Amino acid sequence: MPGYLLLGKFGQLGWELRRTLAPFGEVQALDYPEINLMQFEGIQEILQQAVPEVIINATAYTAVDRAEQEDETAYTINSQGPRRLAEWASANNSVLIHYSTDYVFDGKKGSPYTEQDQPNPLGVYGKSKLAGEEAIEAVDCAYLIFRTSWVYSLRRDSFVTKVLTWARHQPELRIVDDQVSNPTWCRMLAEATALILAKAGKNPHGWIYERRGVYHLAGSGFTSRLEWAREILRLDPHPGEQTTTAVQPAKTSDYPTPAQRPLFSALDCGKFSEAFLFQLPEWQEALALAMAVNNDRF
Ligand SMILES: NC(=O)c1ccc[n+]([C@@H]2O[C@H](COP(=O)([O-])OP(=O)(O)OC[C@H]3O[C@@H](n4cnc5c(N)ncnc54)[C@H](OP(=O)(O)O)[C@@H]3O)[C@@H](O)[C@H]2O)c1
């Protein structure tokens with residue numbers, strides 16, 4: 001099998017990628033501080049030594065609000081790093097798998113976004129991720145960019161763990177009902193990536209070069225944060241620990257944040273399912289699986 005280099009093994013997605021890619025054999029998995037996207041020379045050395053046939057980049061600067069202050073850092077990690085990975089991949093006939101976000105859209109369309117829709121990010125995080133997409137696209141390499149949304153794990157802090165924690169300390173929760181997108185369990189995203197690499201076979205470069213592009217890949221269906229929170233509480237493996245007795249709707253404008261977020265950023269994943277002949281499960285089904293598997297923390 002080809003050699004794989006996974007960057008970002010401790011992130012929500014990277015952790016699951018490490019598990020799902022393990023059966024592929026030759027997988028070198030790294031994360032900060034072994035690698036630092038702010039200092040690409042170190043990564044360049046690792047690439048020259050490992051000469052991976054497939055690079056999977058699960059690193060990202062994901063602090064949406066902090067990015068408003070740290071735009072240089074966000075752009076270096078989310079745009080310049082991916083560009084240099086793409087350049088290396090191009091020069092060495094390697095494949096680059098990369099991930100992007102629904103936050104490249106402004107959320108004003110009112111129906112799920114396709115890959116044909118014009119991005120218009122509202123904040124620095126979305127802008128830096130879009131710049132990363134464009135930088136990779138500008139390099140002639142074998143790449144797949146999966147734009148995903150509302151990624152959660154139960155291992156690292158996420159919306160799901162926050163709701164479960166709040167529900168153990170507060171009598172009432174107020175959750176916004178005007179933010180809508182596709183909740184995506186990071187394990188499903190990792191498994192989809194592994195399935196694609198398995199389909200790509202022993203010589204992934206040609207197979208992926210033919211299919212290179214941006215694809216929306218997120219949990220099927222979409223919902224509001226409020227309904228998502230209600231489903232999390234319904235599926236809580238230890239509901240007896242909840243102190244919350246009511247979940248009330250709120251508005252995004254009730255909770256001003258440094259970064260503006262798109263309101264309706266649901267993704268239409270039709271292009272992905274047509275190209276690769278599968279799709280991620282319904283978000284409720286994935287959430288039920290996630291809660292059943294990861295019931296040791298809550
Ligand atoms: N989370 C979401 O809701 C969401 C939504 C849409 C799209 N996405 C995209 O999905 C992908 C995976 O996201 P995720 O939620 O798994 O992210 P994550 O949990 O924040 O993981 C990102 C990883 O990158 C590492 N990293 C940060 N700065 C680095 C640097 N300078 N050098 C090397 N590594 C560095 C982080 O290390 P530290 O933990 O030490 O910082 C972490 O291990 C990203 O491309 C993200 O933009 C995420």
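What you see is a predicted model; the values in this text were computed from it and never measured. The chain is numbered in sequence order, starting from 1. Atoms within a ligand are numbered from 1 in the order they appear, just like the ligands themselves.
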Y61 to ligand 1, any heavy atom closer than 4.0 Å: no
Within 45° cone and under 6.0 Å: R211 NZ/CZ vs W207 ring: yes
R155 to W15, cation-pi by 6.0 Å centre distance and 45° axis angle: yes
S158 contact mode with ligand 1 (heavy-atom cut-off under 4.0 Å): neither
N or O contact, T59 vs ligand 1, cut-off under 3.5 Å: no
Residue-ligand contact C186/ligand 1, heavy atom below 4.0 Å: no
Pair Y209-D140, side-chain donor/acceptor within less than 3.5 Å: yes
Candidate pair W88 and F40, rule ring pair (Phe, Tyr, Trp, His ring centres under 6.0 Å), full reasoning: CA-CA 11 Å; W88 193 90; F40 200 83; 9.6 Å; no
Within reach of ligand 1, part of K129 (heavy-atom separation under 4.0 Å): side chain
Nearest-option assignment for atom 37 (O) of ligand 1, heavy atoms, candidates T62, L217, D31, L189: D31
F146 and Y99 aromatic ring geometry - parallel, tilted or perpendicular at 30°/60° bounds: tilted
Distance-only donor-acceptor check, side chains Q12 and R156, under 3.5 Å: no
Shortest heavy-atom approach to atom 7 (C) of ligand 1 - which of A60, S181, S100, A190: S100
Option of least heavy-atom distance to atom 23 (C) of ligand 1 (set: P82, G14, A58): A58
Electrostatic pair R230:E227 at N-O distance under 4.0 angstrom: yes
Heteroatom distance test (I77, ligand 1): nitrogen or oxygen, under 3.5 angstrom: no
Region of S149 that comes within reach of ligand 1 [heavy atoms, distance under 4.0 Å]: backbone
Candidate list F264, Y113, W283, W150, test ring pair (Phe, Tyr, Trp, His ring centres under 6.0 Å), partner F222, passing option: F264
Sidechain N-carboxylate O distance under 4.0 Å for E133, K129: no
Y103 and ligand 1 - part of the residue with a heavy-atom distance under 4.0 Å: neither
Contact partition for Y125 relative to ligand 1, non-hydrogen atoms under 4.0 Å: side chain
Sub-3.5 Å N/O-N/O distance, F10 and ligand 1: no
T101 and ligand 1 - part of the residue with a heavy-atom distance under 4.0 Å: both
